[in-house]
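Ligands are counted one by one from 1 in listed order, and the atoms in each one are counted from 1 as well. Computed from a predicted structure; not experimentally measured.
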Amino acid sequence: MTSVLITGVGRDNIGFAAARRIARDAQTLVIADVRPIPEALIAAIRGETSARIVAETVDVASAASIDRLLDVAFEAAPELDGLVNCAGIADPTPPLAITMDAWDRLMTVNLKGTFFVAQGFVQRLLDRGRGGSIVNLSSMAGRTGGKHNGLHYAASKAGVISITKGLARAFGEKGIRVNAVAPGIIDTVMSHNVKGSDDQARNSPLGRWGTIDEVGETIAFLLGPGASYVTGATLDVNGGIV
Ligand SMILES: NC(=O)c1ccc[n+]([C@@H]2O[C@H](COP(=O)([O-])OP(=O)(O)OC[C@H]3O[C@@H](n4cnc5c(N)ncnc54)[C@H](O)[C@@H]3O)[C@@H](O)[C@H]2O)c1
């Protein structure tokens, strides 16, 4: 990839690990989150690369905010051809306690947000007559239905697998690849907040939690030229649990 936009780089998380890894090979990296990105995070990414780093805020639940981010990103890096959609929220509410409002919030950020960032990105690639590559963040829960991490969370992540396939089919002939990563129990705040994570990780075939860097490597692979004949795929990064 030449230049890449990554959402969800808000703390020491999967988006941050992806940014650090992708920065090694990128010309410009635009990183964005709903919260202002901490200076220490930006400095840590800069420490890995000579790539230009542009830090922005975005609320992927807002069409206007997505539009603004994409305009800023393509202005800063007209050659932009990579997108990683890491922004997401979790909500471990048990099935019978999920409200319609909580359902809508989850779907708005995780599914609608992922789709509309991708839609705006693809439109801008097409306007420039260029191909590109997108990686979306699904989840092991999207494969299994989840258990302690929220049925609505799992449903949103199953939706991400579907929109990944749909976009791959729609725009493959334009040279745009779209893939997803489905992480399992990764050593992050998000996973530590889910009941039973430690047992599940220890009882997995690899017998341990995954790291953010292991997910970042997989994202970089799917995004980059090594995966040039891969599209519509969802790659499991779950230590063999599923
Ligand atoms: N951590 C895991 O074990 C795990 C497992 C499976 C899937 N995932 C998925 O990977 C992605 C990253 O997870 P993570 O562990 O790094 O979680 P995280 O909570 O650290 O990262 C998500 C980021 O998205 C940002 N965000 C939330 N709402 C937003 C909005 N409306 N607009 C823009 N940004 C917003 C947050 O501020 C945060 O920085 C998520 O999509 C998550 O569902 C994580």
Are the side chain of [X] and the backbone of [Y] linked by a donor-acceptor contact shorter than 3.5 Å?
X	Y	result
Ser197	Ser191	yes
Thr164	Val178	no
Arg177	Gly224	yes
Asn238	Gly184	no

Original post:
Looking just at side-chain N and O atoms, do Thr114 and Asn85 make a donor-acceptor pair shorter than 3.5 Å?
Top reply: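 The answer is no; no qualifying pair exists.
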
**OP:** List for me each residue that meets side-chain hydrogen bond (donor to acceptor under 3.5 Å, both in side chains) alongside Glu214, sequence neighbours excluded, and say none if there are none.
**Re:**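 With neighbours one apart ignored, the set is Arg208, Thr211.
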
Subject >> Residue shell around ligand 1, heavy atom under 4.0 angstrom >> reply: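 Around ligand 1, where the cutoff is 4.0 Å for heavy atoms, the contacting residues are Gly8, Gly10, Arg11, Asn13, Ile14, Asp33, Val34, Arg35, Val58, Asp59, Val60, Cys86, Ala87, Gly88, Ile89, Val109, Leu137, Ser138, Ser139, Tyr153, Lys157, Pro183, Gly184, Ile186, Thr188, Met190, Ser191.
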
